[in-house]
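Inspection log for the structure reproduced underneath, given as structure tokens.
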Amino acid sequence: MAEYVSGCIVKALSGFYYVRTSADEIIECRARGIFRKEKMSPLVGDRVEISVERSKGMIEKIKPRKNSFLRPAVSNLDALVILCSGANPVTDPFLIDRVAAIAGDRGVSVLLCVNKTDLDDGSDLIGIYRRAGFEVFPTSAQTGEGVEALHKAISGKTVAFTGNSGVGKSSILNCLDAQLAIKTGEVSEKLGRGRHTTRHVELYRLADGTQIMDTPGFSSFDTEQMELILKENLQYAFADFAPYLGACRYQNCAHLKERDCAVLAALQEGKLEPTRHASYARLYESAKEIKLWELK
């Protein structure tokens with residue numbers, strides 16, 4: 001006879017979902033076919049109800065989510081930590097802005113971790129994002145710089161670590177808790193990118209109760225495949241635009257080339273970062289192609 005228990009999905013791999021129950025037991029589960037029919041895939045971070053029989057589980061119900069993401073495929077975040085680097089592989093600000101905009105559209109706060117400061121101080125990225133109002137943590141997995149400050153900022157929260165391949169997500173996680181012993185990889189000097197050592201999403205629980213989801217690294221191509229934001233909503237996903245919204249001459253201002261645009265005026269006056277507005281413009285052009293019926 002099946003036993004019904006609640007838990008949280010802590011790993012998803014090849015159609016199997018690993019659920020940690022309230023008794024701190026990990027149960028390997030499959031998902032009911034109804035989720036596929038409803039086009040709702042279980043995600044790491046989901047709170048679920050499962051039936052267990054002969055040590056095998058079946059996901060019966062996914063409890064309401066407070067937020068969810070397709071890439072990385074996670075749910076119920078308190079914050080998203082974006083890792084980047086000024087060293088090989090150097091992170092393109094657009095990659096950061098693309099992910100940060102998705103988080104902003106979901107109402108999820110973003111922390112920026114500029115890693116590998118022992119190789120490059122990352123001052124360009126640090127400057128851009130601190131001026132844009134982000135909470136930025138310069139870190140080095142080699143020297144330990146900034147790791148304690150980052151740990152303090154995420155303590156007790158459920159967060160996902162994401163970033164382009166090779167920026168050192170797994171290394172920073174190992175610094176946060178050496179017992180995790182997550183496999184790390186090397187960066188190709190020729191290609192300027194890392195090998196994908198993390199191939200699935202997995203949730204780790206630190207000794208202080210902090211929950212961290214490690215996710216596969218992404219490339220520029222992967223970023224283009226991420227979910228898009230409606231062009232009408234995009235301006236609100238850039239928190240540094242907020243002081244200027246509603247002050248434009250035109251109510252439906254796109255903040256691209258319109259006359260008397262408060263956002264463009266702020267850009268010209270040096271109050272907004274040029275790379276941030278360039279990312280916004282690039283995302284807006286993609287958002288214009290969205291058909292509402294595609295989102296249903």
Side-chain angles (χ1 to χ4, degrees), residues 72 74 77-104 108-187 192-198 201-218 239-240 273 275-276:
V74 297
L77 295 185
D78 296 318
L80 183 67
V81 181
I82 303 176
L83 277 88
C84 59
S85 173
N88 189 26
V90 177
T91 304
D92 181 345
F94 178 72
L95 299 184
I96 300 170
D97 296 333
R98 184 74 181 90
V99 179
I102 295 170
V108 175
S109 61
V110 170
L111 287 71
L112 194 67
C113 176
V114 181
N115 196 28
K116 299 190 177 183
T117 54
D118 55 299
L119 299 177
D120 184 283
D121 64 9
S123 56
D124 288 346
L125 290 172
I126 292 168
I128 288 170
Y129 290 97
R130 280 186 173 161
R131 288 190 294 271
F134 285 78
E135 198 171 358
V136 182
F137 297 88
T139 61
S140 168
Q142 294 298 316
T143 67
E145 178 197 350
V147 174
E148 185 176 345
L150 176 63
H151 193 171
K152 185 177 179 180
I154 64 174
S155 181
K157 298 178 181 178
T158 297
V159 303
F161 276 39
T162 189
N164 55 302
S165 301
V167 293
K169 295 187 307 299
S170 298
S171 296
I172 287 293
L173 276 172
N174 288 336
C175 284
L176 290 168
D177 190 334
Q179 293 186 351
L180 297 179
I182 300 168
K183 185 179 179 182
T184 60
E186 297 177 353
V187 174
R193 62 173 183 259
R195 298 185 179 93
H196 295 271
T197 51
T198 302
V201 179
E202 185 163 357
L203 187 152
Y204 298 95
R205 188 167 58 188
L206 306 188
D208 65 353
T210 303
Q211 299 194 111
I212 300 177
M213 303 178 198
D214 189 19
T215 69
F218 57 75
D240 39 336
E273 289 297 309
T275 59
R276 291 281 290 164

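Predicted, not measured: the structure shown is a model, and the values here were computed from it.
- With sequence neighbours left out, Ser85 forms a side chain to side chain donor-acceptor pair (under 3.5 Å) with no residue at all.
- Under the rule for a side chain to side chain donor-acceptor pair (under 3.5 Å), Thr275 has no partner lying at least two apart in sequence or in another chain.
- Of the inter-residue distances, the one linking Thr91 atom OG1 with Leu125 atom CG reads 6.5 Å to the nearest 0.5 angstrom.
- Between the CG atom of Asn164 and the CD1 atom of Ile82 there is a distance of 10.5 Å, given to the nearest 0.5 Å.
- Closest of all the heavy-atom pairs between Ala87 and Lys116 is CB-CB, 4.2 Å.
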Tabulate below the donor-acceptor pairs under 3.5 Å that side-chain atoms of residues 145-152 make, not counting sequence neighbours, or state none.
{"residue": "Glu145", "atom": "OE1", "partner": "Thr117", "partner atom": "OG1", "Å": "2.6"}
{"residue": "His151", "atom": "NE2", "partner": "Asp208", "partner atom": "OD2", "Å": "3.1"}

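- Distance CZ/Arg276 to CG/Asp97: 4.5 Å, rounded to 0.5 Å.
- For Asp124, there are no salt bridge (charged side-chain N to carboxylate O under 4.0 Å, His left out) partners at least two apart in sequence or on another chain.
- Note that the CG atom of Asn115 and the CG atom of Asp120 stand 11.5 Å from one another [nearest 0.5 Å].
- Nearest heavy atom pair, residue Asp214 against residue Lys169, reads OD1-CE, 3.9 Å.
- Legend: residues meeting side chain to side chain donor-acceptor pair (under 3.5 Å) with Arg205, ordered by chain and number and at least two apart, are Asp24.
- With rounding to the nearest 0.5 angstrom, the CG atom of Leu111 is 8.5 Å from the CZ atom of Phe161.
- Atom CG in Leu112 sits 4.0 Å away from atom SG in Cys84 (nearest 0.5 Å).
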Walk me through whether Leu83 and Val81 qualify under side-chain contact (heavy atoms from CB on, under 4.5 Å).
CA-CA 6 Å; Leu83 277 88; Val81 181; 3.9 Å; yes

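- When the salt bridge (charged side-chain N to carboxylate O under 4.0 Å, His left out) test is applied to Arg130, no partner is found at least two apart in sequence or on another chain.
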With side-chain contact (heavy atoms from CB on, under 4.5 Å) as the criterion, how do Asp240 and Glu273 come out once you've worked through the C-alpha distance, each side chain's angles and the decisive distance to 0.1 Å?
CA-CA 9 Å; Asp240 39 336; Glu273 289 297 309; 5.5 Å; no

Evaluation steps, side-chain contact (heavy atoms from CB on, under 4.5 Å), between Thr158 and Met213:
CA-CA 8 Å; Thr158 297; Met213 303 178 198; 3.7 Å; yes

Pair Leu176, Thr210 - check side-chain contact (heavy atoms from CB on, under 4.5 Å), show working.
CA-CA 10 Å; Leu176 290 168; Thr210 303; over 6 Å; no

